[in-house]
Structure formats: structure tokens, C-alpha cells
J.: 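One structure is given below, represented as C-alpha cells, and several questions about it will come after.
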Amino acid sequence: MKIKALSCFLRNQFISPSIVVAGSIIFSPLIYAVDYTNTVNLANQAINANDSVNTTDINGIISDSSDTTGLQLGSGKINVTVNSAPANNSTAVIGINLAKSGSSSHHLGTGSSIDVTGDYYAYGVKADNNVNVSGSNLTINVHGGNSTDGILGGLNSVLNLGVDSVISTSSPAGTVTSITVGAGGSLIADNLQITTEGGNRAKGIATGSGNSTVDLGNGGKIVTVSGFDGGTSAAIETNGNTTFKANGLVIDSTNADGISVNSGKANIHLGNNSSISTTGRHSSGITLGGTKLASDLTASGLTILTTGDFAYGLNLNSGTNKVNLGSNSLIATTGNDAHGIWYVGSSNMKFEADALAIHTKGSRANALEIGTGTMTIGGGSTLISEKAGGVMASRLSGSNNAPTVNINDTKITTLSHAVSAQQTGTVVNLNNVDAKVLGTGTYAFWAVTDGVINATNTSLVSKNSYAMVANVGGKVNLAGNITIDTNNVAMITDSSTSWIKGRGMMQINGGLYAQNRAVIDLDMTSGSALTGLANQDATATVNLAMDDSRWNMNGDSLVNNLQLTNGSTVAFTGTTTPNGILQVANLSGNGHFVMRSSLVEGVGDLLSVSGTTAGNHQVTVVNNGSESTDGTEVLTIIETADGAGSFALTNQVELGGYLYDIQQSGNDWQLYGAGTVPPEPEPTPDPDPTPDPDPVPNPDPGVEKPTPPITSTANASANSLNVGYLMNYAETQTLMQRMGQLRSTDVDGNVWLRGYAGNFTSFGSGKLSGFDMTYNGTQLGADKQWQSASGMMYLGAALGQSNSNQDYQNGDGDMRNRHVGLYAGYLDNSGLYVDTLLKYNRMRNEINVKDTAGNGVDGSASSNGISLSVEAGKRFHFTPENSGFYIEPQSQLTVAWQDSSHFNNSNGLKVDLSSYTSTLGRVGGLIGYEVTEGVTPVNVYLKSSYVHEFNGDADYRLNGNKEAHSFKGDWWANGVGASVGIGKQHNLYLDLEQVSGSQFKQNQINGGYRFSF
């Protein structure tokens, strides 16, 4: 063994006794831990476990060419501290100097520490070419004034740092590298911890220009801090052909890239769940430069976070060959011009990632900016750019290499453009992409300068921007389910070689524009919907083929070809004024047009076909009850150049209170009052001005022109006149049927209750015909009687309520009528009687009908009325006992007045019902049989009367347009009845009556009960 010289001023520590024979150490169990204060040259001295070197020399331990054994500590450890300030700044301070070692292998032990401080150059470990260095759990701290290396490996050197080694290097003004792997060399470590701080440039790990390998195993962290933001620092920098492997590696850099391929090519494998965080201008997460089309990057679950202007997440330049980020990687940047991925270089570059998340926050920081190669992203990816764009694909100026981008199953949220394809050869393929643009005035999908965007099953929300733009030769092709939602322009094309074409189920909210010979050509399959206008200039083309689809046209439109199949609908839904215009060069198919009109103003929506017209089309003109029409208006709603094709209404049109139809007039179709004769088209001017010798005479101006039928709403509202008239008639006649009961009693007073029910049918003729109603009611009364020698006088009061249900043309209604009355009369002993009734009623009518389009309409109105009735008659008996058969002639006069009422219906139709006066005269009589003896007097009879209405003129106004109505007519009223007394206080009454006349038919049953006291 080598002898340790006492002249080295070493300090020995006694460990255990020794055995000395003849002045020589033959065997010694003594182990000495030696502290060296000078450089230890391994050629002359041996370093053992637990020894330490603490010196101000420029080297702590040196191995020169004569050292063939090297440093071999195994599992032991040493401590080396060098703190030197050499006079010559070109002199390096080195902890372990193996630069000229004669040994090819050195083992630094397990848990050894190396601390080096130098004024200028400082190295922790410096190895010669072909010299291998190993160790584990090492701690290396190096601080230099200018240039500093933790470990400097030589050519072909192997640096094996085992497990849990820690290396820290710093230099306040210089260039710092924690580990330099020499050309052809390698670095092996597991859970390696590196901290590098440099005032100028800082590198955690750097490889040489040869073929190098770095394998960092599992875990580990590299912290790099540079005082200079020039983009020349990196946590890991490769120079030459390098293979880099790590798993779960953490990189934290300031003013430095995370990983930078500076030259040559690199194969970088970051395994699973590695993370890179950078802070500083130009400090990208990973930069792949170096040799053209050479470097590969693979990772899964990689996280890259950058903060700083121009700090890209991935800076993929011409040195890139293939990048595969696996699944669930995240790239987030905070800084202006800090793109998530910058991807430019060779046309053979390839990028792949699934479930990739990119989030940029700075101005002009796109999520993806691509200039070449092929990029494929999919599997639940998310691209977010808070202040810039999503995908910017553009062939670089002067380059022949254009990018191809495939984006699948991805959500894109941006401030400006979501996807842009620029320059010839650039293609962006979108499949199952949901894009949202939050900015204003930008182009969401933009194909320009011959760039192409192919979108399949894609949605785009761009409320305040142009959704899809194709100009200067740009092209957009759509397929599958397409959704576009914008408050602006959905599609715009500009230039002769630009187009937007597509086929599929489309939901488009926004306008379509084509100009400068550009084309928009959409084949919209079943379930599609377009909400917006479509327009083209004189040179451009917009073609729409719609199958079982709907176009909500919210502005004047002009298209070239419009093909509507399977009932596709074009609905005019523009401004509040119904005067939209759809101009079509060629119309075909079997479509459905929903249009509006304002007949009183003489305007309405217009379909104008300038070329060919083919197919059978349906037209719905929207009902508008608020129009103040009179049924005589005419309006052209369809113009054609050839008069071909056919157009028919889906239902008659309700405008105001009247019904309208359409009919062809020449080449056009006009809206006119149903049932009237539409005007002939304007005749072609006769070139011969000679007067016609037999002119057709003008129609008689005194003949009233026919007006169209009224609407169901108008019919139901106006029929309230009839409802009130008939209910008043039914109630009055019922109240008057008291005389038979009064004759059969000689008591002082009565309380009575009566019920009735019946129906009226087929009221009148004309516009209020076809009216049916059922009704029921109850009346309660009481009267007081005064007997005299010549007869009986009585005075009473009654109140009641009637309910009625009406069956109208397209709906129903109900009426509630409450009434009170006073009645008085005189019954002479001779059989002569006079009966009078004064009645007040309050009536409320409600309707609920369907218009011709099936829409529900409701309305209500109320009115007050008063009536006075006088009835006189005399009963003639055929026996002195006033029993048995009798006859009773009768006459009655009833004058009634009903106040006006007003319907404000829910469809806008206002129906004003006039007040009216009814004067009814009735003559008739009864033939009966009466039994007055006994405790159960009985009276049965037959009755018949003739009734005539002397007055009854009324009118109703439909939005101010007057229509006349009259209750005048005659009818016969026939009936049969009976009353039965039970004792002296109770009386039951039943009566059946039927009316048949010129105005109505009635069937009624009356029943009652009277209590006498």
C-alpha cells in the first residue's frame, strides 16, 4: 500500500491499535480518516472512504497520467472542498481533476460531496477523454466567477451518477453548466437533482457534438436560472446526435429553454408525466433545432408551462422529424407572441397527440402556428387562445412546403380566428371539432390564398365575427353535421377561385354572401336549418339545395338556384315590416313558402323568380288579425318570368276579419278576398288605338261587390250578438210562464225555483250562419198577492243565471248571463190577465277558436242589457166550475235593449258589437185541461204562438270595417206542459217547447217548483 507522507501536514485520527514488527506495519486494524489540506495526487496518494480534502489549492484531487488505479471508493464516501483564488484568471479551480488521468475509470463513492469555489473557472469534476466516472448519492456544489461546470465529461466518457445525486452550480456573471456530456459519452442517473444559476448563460445538462446518451431514469429535477434572456440557455441542451431519456422529470427554468436541440439530431424520450416550466423572454419549453429533419420527441402526460414573451411551449423547427405527445399532455403559455406550438421546417415533419390541452394567454399567441409538415391532434383535445388564434396553418414565404393539419375530436376556444389555412397547398382537416370565437370583427374559419379547410361534423360559434371566409382562392369544404352560429356573417366568399361547398345536416345562423365570381354551394340534408339572408353580386353564385329543411330568411335575399324538396320551408322573417324580397334565378322542387302581408298598406313579402320555375309549391301567408281590411284588397306575392310551376295556399289566410285566397294572374300569383272575383291582369297595350265598336259595359255601380267570408275569430266574436239575443229571449219567455201557477192558488205569497235547458241551432244565414249553442239556467223568485172581489194583483222579484256553450266553426265559446227582474200583474176573476216584467242582465262572452293555421285565439267581452215585456190573455173554460177543457188566447210585446261590447282578441282582431233594440211581438194561445178539485190539482196544455221581430237591426265592426246584422224574422213556438199541485203549498211544473223559424230553431225543457204560504 502507498505510504502517507507526514510532510503533508496531515492530521491523523486514531481509530484502533496497530501491530508493528521491526519498524514496519505488518498488520493493522487501525483505520485512519485523513483530512487533507493540499492537493491529493492519486499517483502518489490513496484516498480512502471518509477521507476529506479541504484546500485552497487549485485542485482538490488530481489523477495524472501516472495514476493507473484511479479513485475507487466503492460504497464509501469522501468530502472534497476547494476554495481557491489563483492569480491567473485562466487557471481553473477543480474539485476532482481527471483531465489527464491514466486510469479509465473512477468511482466517487456513495454519498460523497464536492464543493468548489473559484474566482474564474471552476469545475466540480473534470474528466479526460475515455475516462468514466461513477458514483451515487453525490452532492456537488460549484461556484465560479466566470465559467463553471459541475461535471465536465470528456470524449466518450461515461458519467454514471447512480441514485439521488445532487449537483448545484452557479456563477454571477459567467456561463454555467452543471453536467457536460462529452462527444460520444453518456450520462446515467436516477432521480438526479440539478440546480444551475448563471449570470450570462446557464445549462443544466449539455451534450457534445458526437453521439451521446443521457438516461435520467425516474424522477429528478433540473432548475436552471440565467441572468440573460437572449435564448441561449437551457435546462437541457444537445449538441450533436443525442439520445435523451427520462421519466417523470421536472424542469424549472428562468431565462432558459427547458430542452433545446442546438445542433445535430436528438431522440428525446420524456416518458410519462414529465413537466417543464420556464420563465423569461424567448424561454420555450422545448426547442428542436439542429440538423434538418432529424430530431424526435416522445412523451405522454407531458406538462409545459411558459411565462414570457416569445416563450413557445414547443418550438419545433427544421430539425424536427417526429413528435408524439401521447395522451393528456398540457401546454400553457403566458406572454405575448408565445405560441403553444410553433411548428415549421420540413415537409416530412410529423406531429401526433391525443387529449392534448393547449392554453395561451398572451397577445398574438396562437395555440398552434404551423408552417410545414403534418400535424395530427385528436382524442379529446382542447385548444384555448385567450387573446389570439387557435390554428394558424400557413406555408412560409419562399417555401414550397405547405402544412397538413388533422384535428379530431377537439374543442377550440379563441379570441380571433379559430382555424386559418393560408397559402397554396395548406390543408386543415377538421373532424368532430367544436370551435368558439369570442372576439369581434375577425374571421373564425379562414381559407385564403388557395388554402383549404375541410370540416366534417364540426360546429362553430362566432357571435360577433365572420364565421367562415374563403377568399383569394381559399376553399372551405363541409360534410356531415355542421353548426354555425353567429350574429354576423356565417359564410362569405370572394374571388373567382374561392368557394364554400358542403353537403350534410347544417344548422346555420347567419348570412351567406358571395361576390367577385365566388361560389357558395350548399346541399342541406334532412333536418337542416338556415337562419339568415343569402346574397350574391351579379358575378357570383349562391346555390341552395334543401331537403326537409327550413330557411328562416331574415333579410332580402338573392340566390342563383333554389331547390326545395320534401316540403322544405322558406320563411320570410325579416324586419317588422312585411316586405321582404327573395329573388331566385331558378326555382325547383316542392317547397313551402311562409310569407307575410300588410294588405291595407299594399305591401307584403315577395318571391320573384327571374329564370325558370318548376315544381309544386305550398304557400302559407301568416294570419294577421290586426289588419284593418275590408276584403277587397289584392296583392301580388309571387312573380315569375315564365308563369310555370304551381303555387297553392296551405290554408285560407286570415287578414283582419276576412279570409283570402291566392290565384294565378298572368305569370304572377295574387292574394285576394276569398269568394270574390280577382281582378284581371293588366291587358297588354293594344297597338291599334281604334276604339272597340262593341265595348263591354261597366258593371252596375249600384250592385254591391261581394265580400269574402269572415274568419273564425270574427265569426265567434260577432256571434256573441246572437248569443245574447237568444239567451234574453229564453230567459224572458221562462219568466213569463208563471200564470198557470198563480191561478191555482189562493194564498198570499209564493217562493218558486225554476230550471231550464235547451239548445239553439242553425241561426240565420250569411256570415254568422251555422251557429249552435246549448244552455241551461236557474231562476229564483218570490211574489206577494192581494186578493179583491174582482180578482188578484201580485208583485214579485226574481233573479237568475244562465250558462251557454257555443259550437263555432273552428272552436267554442261560453257565456254567463246574470239577471234580476221585477214582475207585476193582474188576474181577473173572468180569466183575463195582464203580466209585466222588467229585467236587467249582465252578460260576459268568451271565445276560444282555431284560426286557419291551427293557432289558438281567445277573446272576451261584456255588456249590459234591459228589457220590458207585457203579456195579456184570457182563459175561457167550457164548464161553470172552471175545470175541464179550456182555451187561452195570448199576446205579448217585449222591448229589449242590449249595450255595445268589444272583443280584443289575442290574434289582434278587434270586433266591436253595436248596441241593438229588439221588439218582439207574439200572438198565440193554449188549449188545456185543468182539474181544480181535490188535493192534487192538475193542469195539462198544448201551446202554440207566432213570433215576429219588428226591430233587431245591429252591426259589428272588424277592425273598424262595418258589417250589418239583423235579428228580423218570424218563427213558431209550440209546446206542451203540465203543472201538478201537491196539497195547498206545493206545485211542480214541467214544460217542453220547440221553436222553428227563419232565424233559428230551439228545443227547451223547463221545470220548476213553487212553495206557497
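Computation of the quantities below employed the complete heavy-atom set of this structure, encompassing side-chain atoms and omitting hydrogens, waters and symmetry-equivalent molecules.
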J.: Checking Asp215 side chain against Gly217 main chain: does a donor-acceptor pair fall under 3.5 Å?
T.: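 Yes; judged by distance alone, with no hydrogens or angles, the pair exists.
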J.: Decide yes or no for Leu73 and Ser112: does some side-chain heavy atom of the first lie under 4.5 Å from some side-chain heavy atom of the second?
T.: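 Side-chain contact under 4.5 Å: yes.
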J.: At their closest point, which heavy atom of Leu415 faces which heavy atom of Lys387, and how far apart are they?
T.: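 Looking at all heavy atoms of both residues, the closest pair is CD2-CA, 3.5 Å.
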J.: Between Asp296 and Asn321, does any side-chain donor sit less than 3.5 Å from a side-chain acceptor?
T.: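 Checked: Asp296/Asn321 side chains pair up, N/O donor to acceptor below 3.5 Å.
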J.: Ignoring hydrogens, what is the shortest heavy-atom contact between Asp409 and Gly379? Give both atom names and the distance.
T.: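 Closest pair (atom of Asp409, atom of Gly379, distance): CB-N, 3.9 Å.
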J.: Please check this pair: side chain of Asn366 against backbone of Leu368, looking for a donor-acceptor N/O pair closer than 3.5 Å.
T.: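 Not a single qualifying donor-acceptor pair exists.
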J.: Answer yes or no: is there a side-chain heavy-atom contact under 4.5 Å between Asn141 and Ile114?
T.: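 No. Closest side-chain heavy atoms not under 4.5 Å.
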J.: Does Thr55 use its side chain to pair, donor to acceptor, with the backbone of Val82 at less than 3.5 Å?
T.: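 Looks like no, no N/O pair under 3.5 Å.
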J.: Would you mind reporting whether Ile236 and Phe244 have side-chain heavy atoms less than 4.5 Å apart?
T.: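 They are in contact (side-chain heavy atoms under 4.5 Å apart), so the answer is yes.
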J.: Please walk me through it: do Thr91 and Val93 pass side-chain contact (heavy atoms from CB on, under 4.5 Å)?
T.: CA-CA 7 Å; Thr91 301; Val93 178; over 6 Å; no
J.: Heavy-atom distance under 4.5 Å between the side chains of Thr175 and Thr232, does that happen here?
T.: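 SC-SC contact between Thr175 and Thr232 ruled out.
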J.: Closest approach of Ser284 and Asn315, non-hydrogen atoms and distance?
T.: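 Minimum heavy-atom separation between Ser284 and Asn315: OG-CB, 3.9 Å.
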J.: Test side-chain hydrogen bond (donor to acceptor under 3.5 Å, both in side chains) on Asp149 and Thr180; report intermediate values, then the result.
T.: CA-CA 7 Å; Asp149 282 82; Thr180 299; 2.9 Å; yes
J.: If I compare all heavy atoms of Ser381 with all of Ala353, which pair ends up nearest, and what's the gap?
T.: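 So the two residues come closest at OG-O, 4.4 Å.
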J.: I'd like to know if the side chain of Thr242 pairs up with that of Thr207 as donor and acceptor (distance under 3.5 Å, no hydrogens or angles considered).
T.: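 Looking only at side-chain atoms, Thr207 and Thr242 do form a donor-acceptor pair, the distance falling under 3.5 Å.
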J.: How long is the span from the CG atom in Leu325 to the CD1 atom in Ile341, to the nearest 0.5 Å?
T.: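 The CG atom of Leu325 sits 6.5 Å away from the CD1 atom of Ile341.
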J.: Please assess Ile251 against Ile259 for the test side-chain contact (heavy atoms from CB on, under 4.5 Å), listing each intermediate value before the final yes or no.
T.: CA-CA 9 Å; Ile251 295 175; Ile259 298 175; 3.8 Å; yes
J.: Does the side chain of His107 come under 3.5 Å of the side chain of Gln72 through a donor N or O and an acceptor N or O?
T.: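 No, no side-chain donor-acceptor contact under 3.5 Å.
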J.: Kindly indicate, with the supporting measurements, whether the criterion side-chain hydrogen bond (donor to acceptor under 3.5 Å, both in side chains) is fulfilled by Asn130 and Asn156.
T.: CA-CA 5 Å; Asn130 301 304; Asn156 302 315; 3.3 Å; yes
J.: Donor-acceptor pair, distance only, cut-off 3.5 Å: does the side chain of Thr360 make one with the backbone of Gly340?
T.: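 Flag not set: sc Thr360 to bb Gly340 has no pair under 3.5 Å.
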J.: Is the backbone of Thr39 close enough, under 3.5 Å, to the side chain of Asp57 for a donor and an acceptor to pair up by distance?
T.: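 Side chain of Asp57 to backbone of Thr39: a pair is present.
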J.: Calculate, to the nearest 0.5 Å, the distance between atoms OG and CZ belonging to Ser147 and Arg201 respectively.
T.: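 With rounding to 0.5 Å, OG (Ser147) is 9.0 Å from CZ (Arg201).
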J.: Could you tell me if Thr139 and Ser113 have a donor-acceptor pair between their side chains, going purely by distance under 3.5 Å?
T.: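 The answer is no; no qualifying pair exists.
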J.: Answer yes or no: is there an ion pair linking Arg364 with Asp337, defined by an N-O contact shorter than 4.0 Å?
T.: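 The answer is yes: the pair qualifies as a salt bridge.
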J.: Within a strict 4.5 Å, meaning less than it, do heavy atoms of the Leu297 and Leu270 side chains meet?
T.: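 SC-SC contact between Leu297 and Leu270 confirmed.
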J.: Would Thr307 and Thr334 count as having a side-chain donor-acceptor pair, cut-off 3.5 Å?
T.: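 There is no such pair between these side chains.
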J.: Is it true that the side chains of Asn79 and Ser52 contain a donor and an acceptor less than 3.5 Å apart?
T.: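 There is no such pair between these side chains.
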J.: Ile222 vs Asp252, test: side-chain contact (heavy atoms from CB on, under 4.5 Å). Steps then yes/no.
T.: CA-CA 6 Å; Ile222 303 174; Asp252 190 350; over 6 Å; no
J.: Verify whether one side chain among Asn146 and Tyr120 offers a donor that lies under 3.5 Å from an acceptor in the other.
T.: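 Yes, Tyr120 and Asn146 have a side-chain donor paired with an acceptor closer than 3.5 Å.
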J.: With rounding to the nearest 0.5 Å, note down the distance linking CG in Asn324 to NZ in Lys322.
T.: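 One gets 9.5 Å once the value is rounded to the nearest 0.5 Å.
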J.: Ser226 vs Ser233, test: side-chain hydrogen bond (donor to acceptor under 3.5 Å, both in side chains). Steps then yes/no.
T.: CA-CA 7 Å; Ser226 173; Ser233 299; 3.2 Å; yes
J.: Quick one: do Thr169 and Thr177 satisfy side-chain contact (heavy atoms from CB on, under 4.5 Å)? Show the steps, please.
T.: CA-CA 7 Å; Thr169 59; Thr177 304; over 6 Å; no
J.: Between the side chains of Asn88 and Ser90, is a donor N or O closer than 3.5 angstrom to an acceptor N or O?
T.: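 Short answer, yes.
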J.: Would you call Lys245 and Val214 a side-chain contact if the rule is heavy atoms closer than 4.5 Å?
T.: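 Of all side-chain heavy-atom pairs linking Val214 with Lys245, none is under 4.5 Å.
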J.: Compare every heavy atom of Pro403 with every heavy atom of Ile370, then report the nearest pair and how far apart it is.
T.: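 The pair with the smallest heavy-atom distance is CG2-CB, 3.6 Å.
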J.: Do the side chain of His106 and the main chain of Leu71 share a donor and acceptor less than 3.5 angstrom apart?
T.: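 A pair under 3.5 Å: yes.
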J.: How many angstroms lie between CG in Leu98 and CG in Leu108, if you round to the nearest 0.5 Å?
T.: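 It comes to 7.5 Å.
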J.: Does one side chain, of His143 or Ser170, offer a donor that lies under 3.5 Å from an acceptor on the other?
T.: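 Looking only at side-chain atoms, Ser170 and His143 do form a donor-acceptor pair, the distance falling under 3.5 Å.
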J.: Just so I know, are the side chains of Ile179 and Leu187 near enough to count as touching, which here means a heavy-atom distance under 4.5 Å?
T.: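 Yes, their side chains come closer than 4.5 Å.
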J.: I'd like to check Asn317 versus Val344 (side-chain heavy atoms, cut-off strictly below 4.5 Å). Are they in contact?
T.: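 Yes, side chains in contact.
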J.: Donor-acceptor pair, Ser157 side chain versus Asp128 backbone, under 3.5 Å?
T.: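 Side chain of Ser157 to backbone of Asp128, a donor-acceptor pair under 3.5 Å: yes, one is there.
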J.: Are side-chain N/O atoms of Thr376 and Asn406 paired as donor and acceptor at under 3.5 Å?
T.: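 Yes, a side-chain donor-acceptor pair sits under 3.5 Å.
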J.: From Ile194 CD1 over to Leu192 CG, what is the distance, rounded to the nearest 0.5 angstrom?
T.: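 That separation rounds to 4.0 Å.
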J.: Donor-acceptor pair, distance only, cut-off 3.5 Å: does the side chain of Asn44 make one with the backbone of Asn41?
T.: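 A pair under 3.5 Å: no.
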J.: Report yes or no: does Ser274 contribute a side-chain atom to a donor-acceptor pair with the main-chain N or O of Leu249 at less than 3.5 Å?
T.: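 Checking the backbone N and O of Leu249 against the side chain of Ser274, a donor-acceptor pair under 3.5 Å is found.
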J.: Quick one: do Asp257 and Thr287 satisfy side-chain hydrogen bond (donor to acceptor under 3.5 Å, both in side chains)? Show the steps, please.
T.: CA-CA 7 Å; Asp257 285 354; Thr287 297; 2.9 Å; yes
J.: Please round to the nearest 0.5 Å and tell me the distance separating atom CZ of Arg281 and atom CG of Asp309.
T.: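 These two atoms lie 5.5 Å from each other.
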J.: What's the shortest heavy-atom distance between Ile377 and Phe351, and which atoms?
T.: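 Taking Ile377 first and Phe351 second, the nearest heavy atoms are CG1-CE2, 4.2 Å.
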J.: Is a side-chain N or O of Thr410 found less than 3.5 angstrom from the main chain of Asn408, in a donor-acceptor match?
T.: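 Side chain of Thr410 to backbone of Asn408: a pair is present.
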